[in-house]
Number of protein chains: 2
Amino acid sequence: MSSSVADPAASRGPDPHGAASARVADHLRTAILDGAIAPGERVRQEEVAQATGSSRIPVREALHLLEAEGLIENEPNKGARVPLLSPHEVDLIYRMRERLEPLALAESLPHLTAADLERLTRLQEDIEADSDVRRFLELDRAFHLLTYSGCHVDPLASMVTRLWNSTQHYRRAFVSMSGPGRMWVVNAEHRLLLDAIERRDVEDGERFLSGHIRRTRIELARHPEVFDRAPTGTHGSPG
Amino acid sequence: MSSSVADPAASRGPDPHGAASARVADHLRTAILDGAIAPGERVRQEEVAQATGSSRIPVREALHLLEAEGLIENEPNKGARVPLLSPHEVDLIYRMRERLEPLALAESLPHLTAADLERLTRLQEDIEADSDVRRFLELDRAFHLLTYSGCHVDPLASMVTRLWNSTQHYRRAFVSMSGPGRMWVVNAEHRLLLDAIERRDVEDGERFLSGHIRRTRIELARHPEVFDRAPTGTHGSPG
DNA sequence: TCGCTGATGTATGGATCCAATATCAATGCA
DNA sequence: TGCATTGATATTGGATCCATACATCAGCGA
């Protein structure tokens, strides 16, 4: 079952006007976040156009969209590539997260519904039950972003998403090589955060969250090998 | 003196490949930041194309670029418009600035050159010498952004610029109606900040800066009339 | 008089074609 | 043998044309 979206618009829907670029963007976003396209790698318009069964116009739009999301870097007349970040840049992105995400949480918390809280608890239980790296990344991301889902102010919400996107690759490399020990720490910190959220305690939530991010940043700084031409990791078979 | 750039590519250069979209983006950015296009106003592709003497393709690219900069809002099949922000959204943007800009300053400060410091001092002197609203906005923006010019990490630098862009219109409305009294406060705070920068004191710089932004936010919150269908202000004739 | 429905105009989204630029390999020269 | 130059090729940027969706308003009926 190759889940590839590679078949051109053979028997697909009628392609409702104004959806092609979004479809292409989804395709590329998934590929980049999954690590199928590694940082530093070029992304050729024609290739993507063929892979998605569209012309190059929606591809260009999608590339610009993804540039805004921090997943693509565009250089005039030279094309697009996935940004390659230095340790210092990743560190600074984590510092930005330390300051911004507590704000997003404070903005979001009052708007989280009981259903949201249930889903959060369920997610955390799933994280603790399953120790597969790929799944951990997915669930951890879902957990945190759900935490911010009550924040409806665009610049803040989109900025937080962008910061997560930019460092997704390095998170994967980091988690892959740090083993299950680190997941326990993360889970403990998630539990504290979750508890604060359930108590609707903004102050505690902000404190636990910034501490969570700060400790992750410090831990990451102790693993420079994450940046040593990190493996693409798309078929993350346990070594 | 219509400063319009409306003459099509009559005697303009040969348009070196890959510059049209940038030219269009500059045109629109200036128009929006100057208030020539007010928040909530639509931006039609064909109009811009004619005004800049290009086809609609570079216009689309420019609109997406500006969307990433927070100056344009795109809705599928409905077109582009300048975002209209609520008081709460502006307030939250200022809170983001409170947290992000000190970080940008800390990152930038060690890389500022002696020439930068001279230019900063010169700018501040110009601000104090000239009390015209339009000029104040321009110089104040230049002052702060120059302060961050040593920060070469893209997500941070671009985010700061985006936050400034998003609220430019409301800053104009605010400064227009708050009179020269407020400028004195701003100047005093700028002097403190400038002094900390010259001493290369990161901690003081961060503290003065976040205080500067916080006080501006609080002051702005006391002037809800800024949001009462604020005048376009492009020909800000004293009323 | 008010609300609904359909037709038409207008604006955006997408495809194809052409121009300009970058990339790269082959070749000639020092 | 190493390097610069030069051509061919691949790739991006822009223009024009077509398809589709939204907006407006006239016409009709209750």
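Chain A is the first sequence line, chain B the second, and so forth, proteins listed ahead of strands; every chain is numbered from 1. The basis for the numbers below is simple: all heavy atoms, side chains too, and nothing from hydrogens, waters or symmetry mates. All figures in this text were calculated on a predicted structure; none of them were measured in a lab.
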| query | Roughly how many Å is it from CD in A:E75 to C1' in D:dT12, rounded to a whole number? | reply | 12 Å

| Whole angstrom value for the distance that separates C1' of D:dG13 from CD of A:E67 | 15 Å

| field | Residue B:R44, side-chain atoms from C-beta onward, closest of C:dA11, D:dA15, C:dG14 | value | C:dA11

| field | Value in whole Å for how far the P atom of D:dT12 lies from CD of A:E61 | value | 15 Å

| Out of D:dG14, D:dC17, D:dT12, whichever nucleotide has its closest atom nearest the side chain of B:I57 | D:dG14

| query | Does atom CZ of A:R119 have more than 12 heavy-atom neighbours from other groups under 6.0 Å away? | reply | no

| task | Rounded to the nearest angstrom, tell me the gap between atom CD in B:Q50 and atom P in C:dT12. | result | 12 Å

| task | Give the rounded distance in Å between these two atoms: CD of A:E73 and C1' of D:dT12. | result | 16 Å

| said: With a 4.5 Å cut-off on side-chain heavy atoms, are B:L71 and B:L33 touching? | reply: yes

| Any idea how B:H64 and A:H64 line up, ring-wise: parallel (<30°), tilted (30 to 60°), or perpendicular (>60°)? | parallel

| field | Nearest-nucleotide comparison on DNA chain C, the residue closer to the 5′ end among A:P58 and A:N77 | value | A:P58

| query | Which part of the nucleic acid does B:V24 contact within heavy-atom distance under 4.0 Å: base, sugar-phosphate only, or nothing? | reply | nothing

| said: Quick one, A:L85 and A:P39 - any side-chain contact, counting heavy atoms below 4.5 Å? | reply: no

| request: Starting at atom CD of A:E46, determine the distance to atom C1' of C:dC17, rounded to an integer number of angstrom. | output: 13 Å

| query | Can you find a pair of side-chain heavy atoms, one from B:R141 and one from B:N165, that are under 4.5 Å apart? | reply | yes

| message | Once hydrogens and angles are ignored, does a donor-acceptor distance under 3.5 Å link the base of C:dG14 to the side chain of B:R60? | response | yes

| task | Nearest whole angstrom, please: distance from the P of D:dT11 to the NE2 of B:H17. | result | 15 Å

| message | Taking 4.0 Å as the cut-off, does a side-chain nitrogen or oxygen of B:Q45 come that near to OP1 or OP2 on C:dT10? | response | no

| note | Taken to the nearest whole Å, NZ/A:K78 to P/C:dT23 is 4 Å

| message | Let's test your reading of the model: under 3.5 Å, does the base of C:dG14 pair with the side chain of B:R56 as donor and acceptor? | response | no

| message | With nearest nucleotide decided by heavy atoms, which residue, B:S54 or B:R42, maps closer to the 5′ end of DNA chain D? | response | B:S54

